[in-house]
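The next block holds one structure in the form of structure tokens; read it before the comments.
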2 protein chains.
Amino acid sequence: LVELREATKVYGSGPAAVHALAGVNLAIGEGEFVAIMGPSGSGKSTAMNIIGCLDTPTAGEYRFKGIAVGQLSRNQRTLLRRHFLGFVFQGFNLLARTTAVENVELPLIYRGMAPAERRRLALGALRRVGLEGREHHTSSELSGGQQQRVAIARAIVTDPAVLLADEPTGNLDTKTSREIMELVATLNRDQGITVIMVTHETDIAAYARRAIRFLDGRVESDVPRREA
Amino acid sequence: LVELREATKVYGSGPAAVHALAGVNLAIGEGEFVAIMGPSGSGKSTAMNIIGCLDTPTAGEYRFKGIAVGQLSRNQRTLLRRHFLGFVFQGFNLLARTTAVENVELPLIYRGMAPAERRRLALGALRRVGLEGREHHTSSELSGGQQQRVAIARAIVTDPAVLLADEPTGNLDTKTSREIMELVATLNRDQGITVIMVTHETDIAAYARRAIRFLDGRVESDVPRREA
Ligand SMILES: Nc1ncnc2c1ncn2[C@@H]1O[C@H](COP(=O)(O)OP(=O)(O)OP(=O)(O)O)[C@@H](O)[C@H]1O
Ligand SMILES: Nc1ncnc2c1ncn2[C@@H]1O[C@H](COP(=O)(O)OP(=O)(O)OP(=O)(O)O)[C@@H](O)[C@H]1O
Ligand SMILES: [Mg+2]
Ligand SMILES: [Mg+2]
């Protein structure tokens, strides 16, 4: 489903060039639940952005469902992304003066869904992440952990084929983190949603069935995990 | 040094009113190292913003070094903050198109420090958080954990009397988190900097000597910790 072959990403040139990715190889199949770990700056978010069709590698290839994404136009990548992917960004990336429910409706607007149905699904997603009562708050009226949960609700509201989550529980207390991970595990198990999740917390990684560890822009190890 | 008496913060009014803080009482002395914990939305960041003189309570009182901060003008609060406090915000709050070293120099500019001295101290702070080589990168050219470390460097560069850190390791891998916490523990032990840190991770809270737990806008428990 998702395949990176010798994916390389270089910023700048000459001696000051930064090799964010230095030849990443990985293949993730449908229905998998993968945790991506590794030190700060090791290339995790860069790899996630390429997998999420938000960025392209400087060298090497990214294939999604066998399609060479690098050959697609920008518009085609956007369509692919909106159809198949849900993304929880490391910085949340919510629209600032927009309410929680409006943020969560956004992917449904792109799918041309009718307003009443959009609202119903968006409210449902917010309820599932424990934000009932906060639907009409804007980002500045929400705590850090609440903003993170709006980002999660937005990523799952379309029931995407692939859920990409970059540090989805970094701002959540232990109990709320577990509730979110139970929800994600259920989506993976019952709806077959493929989950690729960056995390630095081992108890969160324990929900995944495979752990890919990054180091200096490369895959250092790629091992199955015993189910938690 | 820091004292909240029946601190209350209400947003909105009527039945939809949100009681972010519902009568918080706490007193923290000079040189202490305190961890603040509690569920998402329980009022931790709201309390930190009041302690950091960035916000005022709707009712109740906040005293800093015995001064009733609510009686000060906005300008006086700003001067107090710039003189005594360093703040690592939950969302980092870096200036976007500004480089790491420029972001870290900002508190020193407010203190009227000369450019050469400013640059020397800012580079030193960035080195201490492991960001050597990244000084001239802007936020968009830094990973999530690197941005978080720029925010930490900016908070400590003035050797503030009080360091307020809201989830300072949420985006850092285990090894980097420990390095940052070792640095913070050293600042507390050797320079007597008072540290008040919100965190949801117990291994991070273990560096503190006291744990204050929030629940629904109140202090639920306030206990000393055995030193880790
Ligand atoms: N401007 C606002 N209007 C309405 N409600 C608000 C506003 N700002 C904050 N709140 C509410 O106040 C409560 C406390 O927020 P706060 O940010 O202090 O929580 P927190 O403990 O820091 O949570 P987290 O761990 O998720 O960061 C939350 O329920 C939040 O929705
Ligand atoms: N536009 C850019 N210009 C220069 N360097 C960049 C740019 N964007 C990212 N980098 C560098 O690429 C490297 C990898 O970044 P990436 O965000 O993928 O790391 P990460 O593993 O997600 O880290 P973290 O755990 O801190 O979020 C970092 O060292 C970063 O400084
Ligand atoms: Mg990252
Ligand atoms: Mg908070």
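Each chain gets a letter, A, B and so on, in the order its sequence line appears, and its residues count up from 1.
A salt bridge is defined here as a Lys NZ or Arg NE, NH1 or NH2 lying under 4.0 Å from an Asp or Glu carboxylate O, and B:E132 with B:R134 fails to meet this definition. Looking at A:K9 and A:D55, a side-chain N of the basic residue comes within less than 4.0 Å of a carboxylate O on the acidic one, giving a salt bridge. Ion pairing of B:E179 with B:K175 is present here, as a side-chain N (NZ or NE/NH1/NH2) and a carboxylate O approach within less than 4.0 Å. Look at B:E32 and B:R209 and you find no salt bridge, because none of the NZ, NE, NH1 or NH2 atoms lies under 4.0 Å from a carboxylate O. A salt bridge links A:R210 with A:D222: at least one charged nitrogen is closer than 4.0 Å to a carboxylate oxygen. A salt bridge links A:E3 to A:R5: one of the charged nitrogens lies within less than 4.0 Å of a carboxylate oxygen.
For a residue to count as touching a neighbouring chain, one of its non-hydrogen atoms must lie under 4.5 Å from one of that chain's; by this rule B:S143 touches chain A with the side chain only. Using a 4.5 Å cut-off between heavy atoms, A:S45 does not touch chain B at all. A:Q146 touches chain B through backbone and side chain together, each having a heavy atom under 4.5 Å away. With a 4.5 Å cut-off on non-hydrogen atoms, B:E201 touches chain A through its side chain but not through its backbone. Neither the backbone nor the side chain of A:S42 comes within less than 4.5 Å of any heavy atom in chain B. For A:Q148, no part lies under 4.5 angstrom from a heavy atom of chain B. Interface remark: A:V198 contributes no atoms to any contact with chain B (heavy atom separation under 4.5 Å).
Among B:T174, B:N171, B:T199, the residue making the largest number of heavy-atom pairs under 4.5 Å with chain A is B:N171. Chain A forms the most heavy-atom pairs under 4.5 Å with one residue out of B:L172, B:T46, B:T176, and that residue is B:L172. Between chain A and the residues B:G170, B:G38, B:S40, the most heavy-atom pairs under 4.5 angstrom are made by B:S40. Of the listed residues (B:Q147, B:R149, B:H137), the one with the most heavy-atom contacts under 4.5 Å to chain A is B:R149.
Annotation: A:R82, atom CZ; neighbour count of heavy atoms from other residues, nucleotides and ligands within 6.0 Å is above 12.
Of the residues A:N93, A:L163, A:L54, the one that meets the side chain to side chain contact (heavy atoms under 4.5 Å, CB included) test with A:F87 is A:L54.
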